Amino acid sequence: QQQVKQSPQSLIVQKGGISIINCAYENTAFDYFPWYQQFPGKGPALLIAIRPDVSEKKEGRFTISFNKSAKQFSLHIMDSQPGDSATYFCAARTRLTNFGNEKLTFGTGTRLTIIP
Amino acid sequence: DSGVTQTPKHLITATGQRVTLRCSPRSGDLSVYWYQQSLDQGLQFLIQYYNGEERAKGNILERFSAQQFPDLHSELNLSSLELGDSALYFCASSVAGVVTDTQYFGPGTRLTVL
């Protein structure tokens, strides 16, 4: 019930195309859904995040779509660029108390490659 | 640069040994989290500290322990090391207590157990 299932494992998209990565979860206690971007040799960095009371959030070329009833959320990267080539992780947060006690459960990651 | 620092960057040691990984959170952040990233297990939450106290535990082995000091830096101690402990260990920090808290990750420590 704590799992977050992420697909695909790897994705190749042409420059200018749309990259789509999907995640699904079971635990209804998750209350916050961030996406992290990780470049080789670096730590994950927060890209964009959404709360379950919102169905979509857009920041620049990055959009999260959230379907609460289906327990699914996805990351869309519009006009994909070679610099977007990285590993992307979806995550879901469980807040165990109201203050300061939380866990992030990560998906297994998607290696995105943008080709010219 | 996330503002989270981790030392050392690389660590090579032998089975059975003990190592200590160090993390300094971003200025003002009270929470520290430790994660293990390996090829077969992905990114796994190990443990969280908030203002010096343990707050949440994940998949942390009994051979592993952590603490957060009064100056808020944290150390992760790994003992009786096994080959399978080879992984990237990340520390993250957050302000904690705010709904839209973000966890900021450090650059990681790559541990190789030979």
Side-chain angles (χ1 to χ4, degrees), chain A residues 1-10 21 23 25 27 29-54 57 59 62 64 86-111, chain B residues 1-6 9-10 21 23 25-26 29-60 68 72 87-110:
Chain A
Q1 197 180 17
Q2 288 293 324
Q3 282 187 320
V4 177
K5 295 182 180 179
Q6 183 172 348
S7 63
Q9 191 172 11
S10 63
I21 304 170
C23 285
Y25 65 97
N27 189 351
F30 290 142
D31 68 350
Y32 184 62
F33 300 87
W35 283 88
Y36 281 82
Q37 180 188 55
Q38 185 178 24
F39 293 104
K42 304 289 185 183
L46 180 68
L47 187 62
I48 186 171
I50 197 167
R51 295 181 60 188
D53 53 350
V54 176
K57 183 172 181 180
E59 289 183 2
F62 301 91
I64 301 178
T87 299
Y88 292 80
F89 294 92
C90 63
R93 185 183 69 186
T94 311
R95 191 171 281 276
L96 303 178
T97 63
N98 288 331
F99 186 82
N101 183 1
E102 59 183 61
K103 290 185 181 184
L104 273 182
T105 301
F106 284 85
T108 49
T110 296
R111 179 173 286 186
Chain B
D1 183 4
S2 67
V4 178
T5 60
Q6 289 186 249
K9 192 169 183 176
H10 300 280
L21 282 52
C23 168
R26 294 187 325 148
D29 285 359
L30 298 178
S31 247
V32 169
Y33 311 79
W34 286 97
Y35 292 88
Q36 180 192 58
Q37 186 175 41
S38 61
L39 283 174
D40 55 343
Q41 295 290 328
L43 199 56
Q44 299 271 319
F45 167 71
L46 295 178
I47 196 164
Q48 178 204 2
Y49 278 81
Y50 176 76
N51 204 21
E53 293 185 8
E54 180 185 306
R55 279 298 180 97
K57 256 185 174 177
N59 304 319
I60 190 165
Q68 187 180 28
L72 300 177
L88 267 169
Y89 291 85
F90 288 105
C91 163
S93 74
S94 74
V95 172
V98 181
V99 172
T100 54
D101 266 356
T102 297
Q103 290 189 24
Y104 293 89
F105 282 74
T109 292
R110 181 174 292 279

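Computed from a predicted structure; not experimentally measured. Naming: A, B, ... by sequence-line order, numbering from 1 per chain.
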Task: Enclosure of Arg110(B) CZ (heavy-atom neighbours >12, cutoff 6.0 Å) - done: no
Open item on the list: Other residues, nucleotides and ligands only: do more than 12 of their heavy atoms fall within 6.0 Å of CD on Gln9(A)?
Closed with: no
Open item on the list: Around atom CD of Glu54(B), are there more than 12 heavy atoms from other residues, nucleotides or ligands closer than 6.0 Å?
Closed with: yes
TODO: Would you confirm whether Lys103(A), through its side chain, and Lys57(B), through its main-chain N or O, come within 3.5 Å as a donor-acceptor pair?
DONE: yes
- [ ] For chain A, find which of Asn51(B), Leu43(B), Leu30(B), Leu88(B) contributes the most heavy-atom pairs closer than 4.5 angstrom.
- [x] Leu43(B)
Task: Side-chain heavy atoms of Leu104(A) within contact of Tyr35(B), under 4.5 Å - done: yes
Open item on the list: To check you understand the geometry: which heavy-atom pair defines the closest contact between Tyr36(A) and Gln103(B), and what is its length?
Closed with: OH-O, 2.9 Å
Open item on the list: Which atoms of Pro34(A) are under 4.5 Å from chain B, going by heavy atoms: the side chain, the backbone, both sets, or neither?
Closed with: neither
Open item on the list: Which heavy atom of Phe90(B) sits nearest to which heavy atom of Lys42(A), and what is that distance?
Closed with: CZ-O, 3.8 Å
